[in-house]
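This report concerns only the one structure given below.
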Amino acid sequence: MAELSKAYEPQLVEDKWYDFWLKQNCFTANPKSAKPAYSIVIPPPNVTGMLHMGHVLNNTIQDILARKARMDGKEVLWLPGTDHAGIATQVMVEKQLKKEEKKPRHDLGREEFLKRVWLWKEKHGDIIINQLKKLGSSCDWTRERFTMDPEYSRCVQKVFVELYKKGLIYRGKRMVNWCPVSQTALSDEEVEMKAQKGFMYHFKVEVAELPGTWLTIATTRPETIPGDTAVAVNPKDPRYTHLIGKHIVRPLPAELPREQKLIPIIGDEHVDFEFGTGVLKVTPAHDKADFDIGTRHKLPLIEVINADGSMNDLAGADLRGLDRFKARKVAVEKLTEQEALVEAKPYENNVGYSQRADVPIEPRLSEQWFLKYPAVEQSKACVAEGRMKFHPDRWAKVYDHWLTNIQDWCISRQLWWGHRIPVWSKRWQGNLRDILTDIAGLIIKDVYPQPAGFDSQDLAITINGKQYLADSVALQKLANSIDKSFDQTSEYYVQIATVNPSIQKNLELAGVEFSQDSDVLDTWFSSWLWPFATMGWPEQTETLKKFYPTTDLVTGPDIIFFWVARMIMAGYEFMGEPQFGLPDALPFQNVYFTGIIRDKQGRKMSKTLGNSPDPIELITKYGADALRFGTMRGAPLGQDVMFDEKDVELGRNFCNKLWNACRFRQMQGGEVQGEINPALLTNDDKWILLKLDAAIRELDTAFAAYKFSDATAALYRFFWNEYCDWYVEASKAVFYGTDDALKANTLAVIDFVLSHTLRLFHPFIPFISEELWHGMGYSTEMPADQGGETIMYAHWPKPFDAEFTAHYGLEACWLDIVNARNEFVTQGRNLRREGNIPANKKVKFQFQPAAQPAPQDLEVLKILLNAESLEVVPADFQPRKGTPTLRGAIGELFMPLEGLIDVDAEKGRLQKEIEKFDSEILKVEQKLANPNFTTKVPAAVLEDHRNRLIEWQAKREHARAALAALEG
RNA sequence: GCGCGGUUAGCUCAGUGGUAGAGCAUUACCUUGACACGGUAGGGGUCACAGGUUCGAACCCUGUAUCGCGCACCA
């Protein structure tokens with residue numbers, strides 16, 4: 001390797017290695033491999049989205065897992081792709097259309113508009129993929145999927161038809177969450193409850209049968225009064241029981257004749273008589289609870305709000321055409337004019353907002369498709385019983401609670417961008433015999449080959465709500481069996497759900513009479529199939545057999561219901577078939593929930609706040625490795641992440657440290673040293689090897705618990721605070737010396753440590769670790785498939801075994817010996833500091849060792865103390881009075897006549913130290929004097945305390961002696 | 001209302017029964033032959049509060065306060 005530059009420059013390195021990995025197909029999973037499988041599917045980002053910090057966190061974790069698994073010898077599939085994101089994408093294209101051509105989408109028509117969306121996708125779809133590559137994501141790009149791919153779309157259709165056949169999908173007129181801006185129904189999960197400041201209006205109405213008797217009604221939505229069809233009271237409420245059955249005069253619309261304003265007073269248990277006035281206005285067409293009351297009492301429905309949130313004709317002349325919020329104000333004015341308004345007091349209540357458009361949703365009655373969730377019990381059980389693990393596991397409770405209380409899923413959306421519902425329908429005048437015959441003709445098994453996994457069973461026929469056998473021969477037989485004389489002409493409603501393209505074509509060709517449902521499916525109705533639909537389902541592909549169920553899923557807790565829970569259900573429903581030979585239908589074994597990325601102030605990152613940094617800018621500025629390392633360092637399991645650019649800076653600094661540590665090795669010259677000679681190992685060599693072993697164990701523990709912040713912290717500590725701060729500094733004693741054999745051996749130790757360290761680093765900081773792996777020449781030492789070609793396939797380091805430890809004499813006592821020496825050095829440096837010796841000045845020390853040291857150890861001491869010389873003095877040596885002295889475990893250190901020591905300050909410091917020792921000694925003594933303690937405590941803890949007491953006492957003696965020397 | 005999580009150094013966070021830790025920030029000194037994206041030595045904490053269990057509590061239990069999140073048809 002050419003000489004390394006002084007600072008690490010990621011820009012020169014990252015793209016080079018990513019291209020290399022791609023060219024060598026390093027990310028491509030081989031289903032035929034004999035290695036055990038490891039797989040993850042990416043949570044597909046929005047195809048037109050941009051990388052944000054949430055993606056960085058999420059994908060870095062996935063990449064760490066994938067790279068670690070490769071080094072563990074697994075065959076890894078990390079399957080990437082994107083999501084079509086129905087509403088978000090459609091809105092984006094609509095906006096562009098409005099801006100550039102000043103047209104709403106309806107001016108273009110559905111077909112032309114969809115062409116525009118695809119154009120947009122072609123233009124922007126690669127952006128986020130390329131950004132993921134910049135981050136270093138080791139995805140198998142050869143398998144990249146998009147939820148609107150033809151193959152994927154067929155899966156979605158198949159799933160729809162299967163569930164439809166089972167009767168789990170149905171169409172019905174229900175109250176749904178309607179978004180007046182997007183003008184589509186939403187699922188319950190897409191509605192966010194928000195506190196909203198408004199008013200509670202009290203208005204009075206007269207009881208028609210009892211002139212002069214008035215009821216006061218409380219409402220937050222006076223604009224819906226024209227839609228009221230009853231007022232309800234609790235039948236047990238003594239204030240009102242006598243009024244049930246009578247009528248009130250509804251104040252709006254004002255222009256109606258009195259008889260059309262009369263609505264009944266009904267009794268319903270739902271009414272809480274503690275709340276408001278105990279009288280509830282019932283608007284069945286615009287409120288879910290009211291709709292239920294209306295159903296119980298067979299109340300008429302009056303719709304007064306249009307799909308776009310404006311008021312319609314039935315709302316009356318005063319409100320007609322107004323937006324619902326404007327209408328609220330006008331309704332209040334009208335009530336005031338009628339002197340019906342009693343009061344309006346400020347009030348805060350929770351209102352459901354459309355998550356996408358951020359406007360209050362409007363409960364609205366409409367015809368929609370619903371799904372009764374499949375496999376709910378199995379899905380609950382697998383998590384409850386721990387066969388699927390959540391990390392952190394508290395999310396299991398949230399998951400369980402949701403599954404226990406779920407309602408049917410509204411899966412249809414009144415959008416154009418998405419998977420169009422594969423149902424064709426027709427209102428058919430005729431007799432059943434002829435109709436069945438016609439249908440049999442439409443569904444004749446096609447002459448075109450079907451893709452593997454699809455067959456004629458992917459077809460369902462419903463006539464007037466009854467399902468018929470989906471087979472042309474059987475239908476014809478049935479038709480023939482109907483006696484003509486009984487078969488009368490009437491209207492039949494025929495629905496045909498099919499995946500088969502040729503039947504679909506037949507239905508289209510059947511002319512204007514058959515028409516495909518105009519709605520599309522909720523985007524999540526496609527992404528819940530992601531773990532298997534991306535692997536070639538319904539065909540039993542090699543990929544599916546090898547890599548399904550997947551191993552880990554990494555995602556945010558905000559989509560636990562939207563995506564995770566539904567994927568589990570889909571897994572059971574569609575992958576539970578025995579022919580796959582699966583032990584279980586779990587789509588994944590572990591779910592890791594990341595935190596939510598917030599800014600320094602703890603606010604969620606969002607486009608509107610503009611508080612989300614652009615990860616690509618951060619990569620440009622600091623490097624992808626720095627971004628990854630910094631993010632992981634600050635992202636503990638289960639906690640939200642308070643992101644700060646300082647974290648990335650930390651990552652950059654760390655990479656630079658690693659770079660320079662390698663540069664230091666490089667500057668000592670020579671080839672890679674393979675063999676370590678146990679006979680030549682210094683204390684420091686043994687110490688760093690033991691520390692390396694400890695680091696490997698820590699990493700393994702952290703990985704087992706998915707604690708990536710622990711892992712990065714351990715790596716940081718080991719490399720910076722142990723290897724660089726102590727070992728590298730100590731090794732200078734060898735390199736500045738003349739013993740070539742020792743130099744070679746030290747290089748061998750360094751090469752051993754660095755080559756292991758780089759491997760430990762690789763999953764976290766893939767680019768720099770690869771660069772240095774090659775640059776340092778470690779790749780040349782390895783077989784091609786075990787690191788020779790790339791560090792990606794180098795084996796993950798194992799903790800040292802007993803044989804290794806014995807061979808190199810790595811007893812644990814070396815840790816204590818070197819730790820004691822290090823502590824002595826720190827105190828010695830402190831002595832310099834207290835003596836006001838400038839950092840750049842070398843000092844002549846005298847050292848009175850407690851035991852005869854090896855010459856090499858003295859050299860190390862000298863270097864670490866930045867000493868000009870370290871004169872060993874005999875045991876009976878007496879330093880001159882007033883010499884700054886350090887008494888430590890390994891001996892005494894004198895700093896004769898150096899600097900301008902501030903005697904009083906030094907005395908003060910020593911006294912403070914002695915006080916600290918006193919209090920520690922007192923604490924331990926008190927414990928040891930307590931018989932309860934000495935008899936109940938484990939032997940090891942007792943021993944620990946006794947040792948601690950001795951240590952503190954020794955330290956106190958040393959400090960006292962130093963103080964005495966100063967005073968002398 | 002129910003459920004979950006947090007509260008430890010100025011800031012961001014580790015730390016699940018036995019000597020309170022890291023990074024950043026901060027103070028002093030230092031561009032010495034890996035690194036100023038650096039080095040060395042410091043300073044800084046009644047672990048939110050109150051009880052309890054224990055020989056011993058940041059850690060376990062009970063309660064309180066406070067912040068955040070999720071769920072819930074209160075007009």
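A:D918 is linked by a salt bridge (charged side-chain N to carboxylate O under 4.0 Å, His left out) to A:R956, counting only residues two or more places apart in sequence or in another chain. Listed by chain and number, the residues in a salt bridge (charged side-chain N to carboxylate O under 4.0 Å, His left out) with A:E698 are A:R717 (sequence neighbours excluded). For A:E868, the side-chain contact (heavy atoms from CB on, under 4.5 Å) partners two or more places apart in sequence, or in a different chain, are A:K842, A:K844. Not counting sequence neighbours, the partners of A:A695 by the side-chain contact (heavy atoms from CB on, under 4.5 Å) test are A:F718. Contacts of A:F917 classified as ring pair (Phe, Tyr, Trp, His ring centres under 6.0 Å), with partners at least two apart in sequence or in another chain: A:W952. Annotation: ring pair (Phe, Tyr, Trp, His ring centres under 6.0 Å) contacts of A:Y716 (sequence neighbours excluded): A:F654, A:W720. Qualifying ring pair (Phe, Tyr, Trp, His ring centres under 6.0 Å) partners for A:Y736, counting only residues two or more places apart in sequence or in other chains: none.
Remark on RNA chain B: of its neighbouring residues A:C662 and A:R948, the 5'-side contact belongs to A:R948, judged by nearest-heavy-atom nucleotide. Two residues, A:N866 and A:G634, neighbour RNA chain B, and the one matched to the more 5' nucleotide by heavy-atom proximity is A:G634.
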Using atom types as modelled, flag every donor-acceptor pair under 3.5 Å from a side chain in residues 194-204 of chain A to any protein atom, sequence neighbours excluded.
| unit_1 | atom_1 | unit_2 | atom_2 | d |
| --- | --- | --- | --- | --- |
| A:K194 | NZ | A:D358 | OD1 | 2.6 |
| A:Q196 | OE1 | A:Y353 | OH | 2.8 |

Give every donor-acceptor pair under 3.5 Å between a side-chain atom in residues 555-565 of chain A and any protein atom, sequence neighbours left out.
| unit_1 | atom_1 | unit_2 | atom_2 | d |
| --- | --- | --- | --- | --- |
| A:W563 | NE1 | A:S527 | O | 2.9 |

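Of the P atoms belonging to B:rG15 and B:rG6, the separation is 10 Å, rounded to the nearest Å. Using P as the reference atom, B:rG44 and B:rU27 are 15 Å apart when rounded to the nearest Å. Nucleotides B:rA14 and B:rG51 place their P atoms 28 Å apart, quoted to the nearest Å. Remark: the separation of the P atoms in B:rC49 and B:rC59 is 10 Å, to the nearest Å. B:rC61 and B:rC67: their C1' atoms are spaced 24 Å apart (whole Å). Here the separation of B:rU53 from B:rG63, taken at their C1' atoms, is 15 Å to the nearest Å. Between the C1' atoms of B:rC4 and B:rC11, the separation comes to 26 Å (whole Å). Comparing the same atom, P, in B:rC47 and in B:rU7 gives a spacing of 14 Å after rounding to whole Å.
Using a 4.0 Å heavy-atom criterion, one finds that A:K707 contacts the sugar-phosphate atoms exclusively. In this structure, A:A713 reaches neither bases nor backbone, as no heavy-atom distance under 4.0 Å exists between it and the strands shown. Heavy atoms of A:R665 sit nowhere under 4.0 angstrom from any nucleic acid atom. Residue contacts for A:V924: at a heavy-atom cut-off of 4.0 Å it reaches no nucleic acid atom on any strand shown.
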Worked check of salt bridge (charged side-chain N to carboxylate O under 4.0 Å, His left out) between A:K923 and A:E920: CA-CA 5 Å; A:K923 266 197 269 180; A:E920 293 296 337; 3.8 Å; yes
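Stem regions annotated for RNA chain B: B:1-7 with B:65-71, B:10-13 with B:21-24, B:26-30 with B:38-42, B:48-52 with B:60-64, counting only runs of 3 or more consecutive pairs of Watson-Crick or G-U type with both contacts under 3.5 Å.
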Where protein sits on nucleotides 67-75 of chain B, one letter per nucleotide: B base, S sugar-phosphate only, - none, heavy atoms under 4.0 Å: ----SBBBB
Annotated protein contacts, base or backbone, on nucleotides 35-42 of chain B with a non-hydrogen cut-off under 4.0 Å, one of B, S, - each: BSBSBSSS
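Residues A:L865 and A:V843 are not in side-chain contact: their nearest non-hydrogen atoms beyond the backbone lie 4.5 Å or more apart. A:I265 is listed as a side-chain neighbour of A:L215, based on a closest heavy-atom distance under 4.5 Å.
Between A:L650 atom CG and B:rC24 atom P the separation is 6 Å, expressed in whole Å. When the C1' atom of B:rC4 is taken as reference, atom OH of A:Y399 falls 18 Å away, rounded to whole Å. Atom CE of A:M642 and atom C1' of B:rU7 are 12 Å apart (whole Å). Straight-line distance from the NZ atom of A:K646 to the C1' atom of B:rU26: 12 Å, rounded to whole Å. One interatomic measurement links the two molecules: CG of A:D944 to P of B:rG18, which rounds to 11 Å at whole-angstrom precision. Residue A:R832 contributes atom CZ, which lies 15 Å from atom P of B:rC29 at whole-angstrom precision. Between A:K923 atom NZ and B:rU19 atom C1' there is a gap of 7 Å when expressed in whole angstrom units. Summarising the geometry, the separation between NE2 on A:H391 and P on B:rG5 is reported as 17 Å, rounded to the nearest angstrom.
The base of B:rG23 does not come close enough to the side chain of A:Y716 for any donor and acceptor atom to sit less than 3.5 Å apart.
Side-chain atoms of A:H270 and A:D292 form no donor-acceptor pair, as typed in the model, at a separation below 3.5 Å. A donor-acceptor pair shorter than 3.5 Å can be found between the side chains of A:R663 and A:N660.
The A:P938 side chain lies nearest to B:rG18 when the options are B:rU31, B:rA34, B:rG18.
In terms of phosphate contacts, A:K397 brings a side-chain nitrogen or oxygen within less than 4.0 Å of OP1 or OP2 of B:rC4.
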